[in-house]
Amino acid sequence: MSQKPYQITALPGDYIGPEIMAAGLRVLRAVTADQNFDYTVTEYPFGGAGIDAAGDPLPKETLAAAKASDAVLLAAIGGPKWDGAARTPETGLLEIRKALNLFANIRPTAISPVMQRYSPIKNEDPVDFVIVRELTSGIYFGTPRERTADYALDTMRYTASEIERVARVAFEMANRRHQHVTLVDKANVLATSKFWREVVGRVATQYPAVTLDYSYVDAAAMKIIANPAQFDVILTENLFGDILSDEAAQITGSLGTIPSMSSGANGPALYEPIHGSAPDIAGQGIANPFSMIKSVAMMLTNSFDRRDLAATINAAVDQSIATHIVTPDLGGSATTEEVTNAVIQSIQESRVSYEPNHV
Ligand SMILES: NC(=O)C1=CN([C@@H]2O[C@H](COP(=O)(O)OP(=O)(O)OC[C@H]3O[C@@H](n4cnc5c(N)ncnc54)[C@H](O)[C@@H]3O)[C@@H](O)[C@H]2O)C=CC1
Ligand SMILES: CC(C)CC(=O)C(=O)O
Ligand SMILES: [Mg+2]
C-alpha cells in the first residue's frame with residue numbers, strides 16, 4: 001500500500017532564497033521519481049516576502065501550514081530592503097523557530113575527500129563534526145531587552161530544562177557517532193555558562209560511554225581552524241553556535257555548502273542552509289545550491305527515513321564537486337542552474353540500469 005503523500009512546506013524567502021529553493025525542489029523531484037515517495041510541496045511567503053505579501057514576516061497562514069506539514073524547507077530570509085521594519089524578517093525566523101519549538105539546531109561540518117582541495121586550512125586529518133546549537137533561548141530571546149538614548153540591554157537567560165533537552169540531543173548523537181561531546185561556553189566569565197556546565201555535567205552522568213570535555217568559545221574558534229579533526233559533537237548555546245557554525249562552514253571551502261536541521265520534541269522539523277540571503281550576489285544566478293540541496297537530503301533522512309534517497313543526493317553533489325562543476329564561491333564558473341543540472345544528471349545516471357545487449 002503506498003504511503004499517503006507527505007506534506008512539505010517550502011519557504012523560499014528573500015534574495016538568493018528563491019534561487020536555491022528552486023534548485024532544491026528540482027533535485028527533490030528528480031531523486032524521488034519512481035521511488036515510492038509521494039509528496040506535495042506548497043510554497044508560502046516568509047521573511048521579507050511575508051512582509052511584502054501580508055505585512056508580516058511570519059503570516060498566520062504560513063505558520064499554520066508549517067505546523068500542519070510533515071517537514072519545512074526554508075531557504076533564507078532578510079536583507080537591506082526590510083532592515084528598518086518594525087518586525088524584521090529575522091524576527092519572523094526567530095518566531096517560527098519558537099512556534100515550532102525547534103530547540104535543537106544541527107549543523108554538520110565535514111571536509112570530505114572531494115572537498116579537501118577547496119578547504120582554506122592546512123589539514124590532512126579527516127574532518128567530520130556536528131555543532132548542536134540551542135536555538136530557542138539565550139540572548140536572541142532573552143528579556144528584558146531595552147534600548148534608550150543612553151543605553152541598550154540584551155539578556156542571556158537559560159533554564160535547566162532548556163539546557164538539558166538540547167544536551168540530550170548532543171549526547172544521543174555522540175552515542176551514534178564517536179562518543180565525544182565538547183561543551184563550548186564562556187564559563188570563566190558568564191554565569192549562564194557556569195550553569196550550562198552544571199546541567200550538562202548532570203546529563204553526562206547518564207551517558208557513561210560518552211566523553212565530555214570543555215572549551216571556552218574563543219579557544220574553540222581557534223581550534224576549529226588549528227585542529228578541527230579533534231571534534232565529534234560540539235554542544236553550545238544559541239549565539240556561540242551561530243558564530244562558530246559560519247566559521248566551521250568556511251573551513252569546508254564555502255559557507256554555501258552547509259545544510260542544517262532544526263528540530264524539537266515533536267512536530268515538523270525545519271531544514272535550511274546555515275547561511276543567509278546573500279543580497280550581494282542575488283539575481284546573478286551564481287548562488288551555491290549545495291547548502292539547500294543537502295538540506296533536502298537531511299530532510300529525506302531525518303523526517304522521512306529515506307537515507308537511500310539522501311545518499312543518492314549526496315553522492316551526486318560529490319560528483320559535481322569532484323568534476324569541479326561548482327559556483328564561483330568554490331572557484332568555479334558554473335551557475336546555480338548548471339550545478340543543479342549536473343546534480344540531477346548524476347542522480348539520473350546513477351539509476352540507469354544497463355540492460356545487457358540481447359544477442
Ligand atoms: N537563516 C537565515 O535566513 C539567515 C539570514 N541571514 C540574513 O541574510 C542577510 C545577509 O546576511 P549576511 O551577513 O550577508 O550573510 P550571508 O550568509 O547571507 O552571506 C555572507 C557571505 O556569504 C556568501 N554566501 C552566502 N550563501 C551563499 C551561497 N549559497 N552561495 C554563494 N555565496 C554565499 C554571501 O554572498 C556573502 O558574501 C541578512 O539580512 C541576515 O540577517 C543571515 C544568516 C541566516
Ligand atoms: C537571524 C539569525 C539568528 C539567523 C542566523 O544567523 C542563523 O540562524 O544562523
Ligand atoms: Mg547565522
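All heavy atoms count here, side chains included; hydrogens, waters and symmetry mates do not. Both ligands and their constituent atoms are indexed starting at 1 by order of listing.
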**Q** Would you indicate whether Gln116, at its atom CD, is surrounded by more than 12 heavy atoms from other residues, nucleotides or ligands within a distance under 6.0 Å?
**A** yes

**Q** So, Arg177 and Asp128, do they make that salt bridge, N to O below 4.0 Å?
**A** yes

**Q** Under 4.0 Å from a heavy atom of Gly79: give me the atoms of ligand 1 that qualify, with their elements.
**A** 39 (O)

**Q** Do Ala278 and ligand 1 have an N or O pair less than 3.5 Å apart?
**A** yes

**Q** Say whether Thr257 and Ser254, considering side chains only, have a donor N or O and an acceptor N or O under 3.5 Å apart.
**A** no

**Q** To check your reading of the model: name the closest protein heavy atom to atom 41 (O) of ligand 1, its residue, and the distance in Å.
**A** Glu90 OE2, 2.5 Å

**Q** Using heavy-atom distances only, which candidate in Ala249, Pro279, Ser262 approaches atom 14 (O) of ligand 1 most closely?
**A** Pro279

**Q** At under 4.0 Å between heavy atoms, is it the side chain or the backbone of Leu93 that contacts ligand 1, or both, or neither?
**A** side chain

**Q** Mind telling me whether Tyr6 and Phe37 have parallel, tilted or perpendicular rings, with 30° and 60° as the class edges?
**A** tilted

**Q** Salt-bridge test for Arg168 and Glu164: reply yes if a basic N is under 4.0 Å from a carboxylate O, no otherwise.
**A** yes

**Q** Okay, side chain of Glu19, backbone of Gly17: is any donor-acceptor separation there less than 3.5 Å?
**A** no

**Q** Please determine whether a side-chain nitrogen of the Lys or Arg among Glu272 and Arg97 lies less than 4.0 Å from a carboxylate oxygen of the Asp or Glu.
**A** yes

**Q** From atom 32 (N) of ligand 1, work out which of Ile281, Ile258, Thr336 has a heavy atom at the shortest distance.
**A** Ile281

**Q** Which N/O atoms of ligand 2 sit under 3.5 Å from a protein N/O, and at what distances?
**A**
residue	atom	partner	partner atom	Å
ligand 2	6 (O)	Asp242	OD1	3.1
ligand 2	6 (O)	Asp242	OD2	3.3
ligand 2	8 (O)	Arg97	NH1	3.1
ligand 2	8 (O)	Arg97	NH2	2.8
ligand 2	8 (O)	Arg107	NH2	3.3
ligand 2	8 (O)	Arg133	NH1	3.2
ligand 2	9 (O)	Arg107	NH1	3.2
ligand 2	9 (O)	Arg107	NH2	3.0
ligand 2	9 (O)	Arg133	NH1	3.4
ligand 2	9 (O)	Asp242	OD1	2.9

**Q** Say whether Ile20 and ligand 1 are in contact under the criterion: heavy-atom distance to a ligand atom below 4.0 Å.
**A** no

**Q** Which of the atoms in ligand 1, numbered in the order shown and given with their element, are less than 4.0 Å from a heavy-atom of Ala76?
**A** 3 (O)

**Q** Out of Ser277, Gly256, Gly13, indicate the one that has the non-hydrogen atom closest to atom 8 (O) of ligand 1.
**A** Ser277

**Q** When you check the gap from the basic side-chain N to the acidic O, do Lys194 and Asp185 get nearer than 4.0 Å?
**A** no

**Q** Side chain or backbone of Glu272 under 4.0 Å from ligand 1, or both, or neither, by non-hydrogen atoms?
**A** side chain

**Q** Does the side chain of His180 come within less than 4.5 Å of Asp213's, by heavy atoms?
**A** yes

**Q** Under 3.5 Å between any N/O of Ala287 and any N/O of ligand 1: does that happen in this structure?
**A** no

**Q** Using heavy-atom distances, let me know which of Asp242, Leu11, Ile77 sits nearest atom 3 (O) of ligand 1.
**A** Ile77

**Q** Please assess Trp196 against Thr236 for the test side chain to side chain contact (heavy atoms under 4.5 Å, CB included), listing each intermediate value before the final yes or no.
**A** CA-CA 9 Å; Trp196 268 77; Thr236 193; over 6 Å; no

**Q** How are the rings of Tyr118 and His324 set to each other: parallel, tilted or perpendicular (split at 30° and 60°)?
**A** parallel

**Q** Does the protein place a non-hydrogen atom closer than 4.0 angstrom to atom 11 (O) of ligand 1?
**A** no

**Q** Salt bridge check: are Lys4 and Asp70 linked by an N-O gap of less than 4.0 Å?
**A** yes

**Q** What is the distance from atom OG of Ser193 to atom OH of Tyr158, rounded to the nearest 0.5 Å?
**A** 9.5 Å

**Q** Decide yes or no on side chain to side chain contact (heavy atoms under 4.5 Å, CB included) for Phe231 and Ile224, but give the supporting numbers first.
**A** CA-CA 8 Å; Phe231 295 117; Ile224 284 174; 4.0 Å; yes

**Q** When you measure from the centre of the six-membered ring of Phe240, is the NZ or CZ of Arg133 under 6.0 Å away and within 45° of the axis?
**A** no

**Q** Under 3.5 Å, N or O to N or O, is Asp329 touching ligand 1 that way?
**A** no

**Q** Carefully, step by step, assess Tyr140 and Asp154 under the rule side chain to side chain donor-acceptor pair (under 3.5 Å).
**A** CA-CA 8 Å; Tyr140 291 178; Asp154 291 295; over 6 Å; no

**Q** Please examine the side chains of Val132 and Met173, heavy atoms only from C-beta on, and report whether any two atoms are closer than 4.5 Å.
**A** yes

**Q** For Asn288, which part has a heavy atom under 4.0 Å from ligand 1: side chain, backbone, both, or neither?
**A** both

**Q** Considering only the protein, which heavy-atom contact is closest to atom 35 (O) of ligand 1, and what is its distance?
**A** Asp280 OD1, 2.8 Å

**Q** Any donor and acceptor pair, going by atom type alone, linking the side chain of Thr327 with main-chain N or O of Ala287 inside 3.5 Å?
**A** no

**Q** So does Asp218 pair up with Lys186, basic N to acidic O under 4.0 Å?
**A** yes

**Q** Based purely on interatomic distance, does Asp246 place a nitrogen or oxygen under 3.5 Å from a nitrogen or oxygen of ligand 1?
**A** no

**Q** Going from CD on Glu349 to CD on Gln319, what distance comes out if it is rounded to the nearest 0.5 angstrom?
**A** 8.0 Å

**Q** Which of the numbered atoms in ligand 1 are under 4.0 angstrom from any heavy atom belonging to Gly276?
**A** 4 (C), 5 (C), 6 (N), 8 (O), 16 (P), 17 (O), 18 (O), 42 (C), 43 (C), 44 (C)

**Q** What's the count of protein N, O or S atoms under 2.8 Å from the Mg ion (ligand 3)?
**A** 1

**Q** Regarding ligand 1, does Leu255 bring an N or O atom to under 3.5 Å of one of the ligand's N or O atoms?
**A** no

**Q** Which of the numbered atoms in ligand 1 are below 4.0 angstrom from a heavy atom of Gly78?
**A** 39 (O)

**Q** Can you tell which part of His275 has a heavy atom less than 4.0 Å from ligand 1: side chain, backbone, both or neither?
**A** both

**Q** Quick check on atom 37 (O) of ligand 1 - does any protein heavy atom sit closer than 4.0 Å to it?
**A** yes

